[in-house]
Amino acid sequence: APRSAETDVRAGIVRAATRLFAAQGFDGTALQEIADAVGVTKPAVLHHFPSKEHIRQAVLDAILEHWRGTLPRLLLAATAGEERFEAVFGELHRFFAGGGDRARVVLREALDRPAEARKILAGPVRPWIQAIAGYIREGQARGRDDAEADAEADGVLMLQLVLAATASARAPSPRRAPVSGA
């Protein structure tokens, strides 16, 4: 079905907000900046989303919706073959690296609002963490991994490491002042 102008503006707001939240954080982004990035007025943004918090939720919902669509492939990679570790982390990296600013938005949320981020991500991320924990437990049973390690905590840590690595790889480099010649 053809998309309406309303849908296009709404999607544009979510895309622009995703970029801005990734670069500046939610608190560091003004509604006017979102409007300017989309090429509409601030009242037009508020027509689609009653508040900046509603835009934040739409950004997170878009990321989580994509995650839900990708999750079956991640879980399949977690249960298939001897190269599960590489398959899972390859899929996880592709998910975050392929989505522009997903990793940076999720990482900023985790840093800025850890309690809220845990609640938001608990459902969609839990199966992935359980799959990784199962992989770690198998390694523990075979004597390859530390038997005392908390497999689920290690799964969370691995997710955080992938997020941080992916987010920092996409981070813009700081501008440097030109060095004057001697």
Side-chain angles (χ1 to χ4, degrees), residues 1-74 88-129 155-178:
R3 292 171 49 135
S4 70
E6 288 277 316
T7 303
D8 289 343
V9 170
R10 186 174 176 85
I13 292 168
V14 172
R15 281 191 306 274
T18 300
R19 283 190 311 274
L20 289 166
F21 293 168
Q24 303 169 183
F26 174 78
D27 294 328
T29 301
L31 275 173
Q32 187 62 55
E33 289 177 284
I34 297 169
D36 291 346
V38 177
V40 298
T41 63
K42 185 175 168 181
V45 171
L46 293 171
H47 167 75
H48 293 279
F49 296 96
S51 69
K52 190 169 85 167
E53 182 59 39
H54 283 87
I55 298 171
R56 176 182 162 267
Q57 191 59 54
V59 165
L60 293 173
D61 287 347
I63 292 169
L64 291 175
E65 185 57 38
H66 191 83
W67 177 269
R68 284 183 201 98
T70 303
L71 186 61
R73 192 172 64 232
L74 287 171
V88 168
F89 284 98
E91 284 296 321
L92 187 61
H93 180 264
R94 277 188 290 282
F95 172 77
F96 284 111
D101 297 307
R102 284 184 203 131
R104 292 184 75 208
V105 167
V106 172
L107 191 58
R108 280 189 175 274
E109 283 293 312
L111 293 172
D112 295 345
R113 294 173 182 76
E116 289 178 47
R118 269 193 302 277
K119 289 177 194 172
I120 291 168
L121 296 174
V125 176
R126 185 102 180 113
W128 183 85
I129 292 171
V156 170
L157 176 62
M158 288 179 199
L159 175 62
Q160 291 170 332
L161 290 171
V162 169
L163 279 169
T166 307
S168 64
R170 299 188 62 79
S173 59
R175 293 183 186 176
R176 295 182 185 211

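If you're wondering where the values come from, they're calculated on a predicted model, not measured in any experiment.
Annotation: the span from Leu31 atom CG to Ile55 atom CD1 amounts to 5.0 Å, rounded to 0.5 Å. Between the CG atom of Asp61 and the NE2 atom of His54 there is a distance of 10.5 Å, given to the nearest 0.5 Å.
The side-chain contact (heavy atoms from CB on, under 4.5 Å) search around His47 returns Glu6, not counting sequence neighbours. Scored by the side-chain hydrogen bond (donor to acceptor under 3.5 Å, both in side chains) test, Gln24 finds Thr29, Glu33 as partners (sequence neighbours excluded). Under the rule for a ring pair (Phe, Tyr, Trp, His ring centres under 6.0 Å), the partners of Phe26 that lie at least two apart in sequence or sit in another chain are Phe21. Looking at residues two or more places apart in sequence or on another chain, you find no side-chain hydrogen bond (donor to acceptor under 3.5 Å, both in side chains) involving Thr41. Partners of Ala62 according to the side-chain contact (heavy atoms from CB on, under 4.5 Å) rule, which considers only residues two or more places apart in sequence or in another chain, are Val14. Looking at residues two or more places apart in sequence or on another chain, you find no side-chain hydrogen bond (donor to acceptor under 3.5 Å, both in side chains) involving Asp112. Judged as a side-chain hydrogen bond (donor to acceptor under 3.5 Å, both in side chains), and not counting sequence neighbours, the contacts of Arg56 are Glu53, Glu109, Glu116. Residues satisfying the side-chain contact (heavy atoms from CB on, under 4.5 Å) test with Val156, not counting sequence neighbours, are Ile129, Gln160.
In terms of heavy-atom proximity, Ala103 sits nearest to Ala167 at CB-N, 3.9 Å. The two residues Val40 and Val45 have their closest heavy-atom pair at CG2-CG2, 3.8 Å. Contact record, Val9 with Val38: O-CG1, 4.5 Å, taken as the closest heavy-atom pair. The minimum heavy-atom distance between Leu20 and Ala37, with the atom names listed, is CD1-CB, 4.2 Å.
Screening Thr18, Val59, Val106 against Asp101 for a side-chain contact (heavy atoms from CB on, under 4.5 Å) leaves a single residue, Thr18.
For the salt bridge (Lys or Arg N to Asp or Glu O under 4.0 Å) condition, the pairs that include at least one residue of residues 16-32, sequence neighbours left out, are Asp27-Arg113.
Val105 places a side-chain heavy atom less than 4.5 Å from the side chain of Leu60.
Side-chain N or O atoms of Arg102 include none that pairs as donor or acceptor with a backbone N or O of Ile63 at under 3.5 Å.
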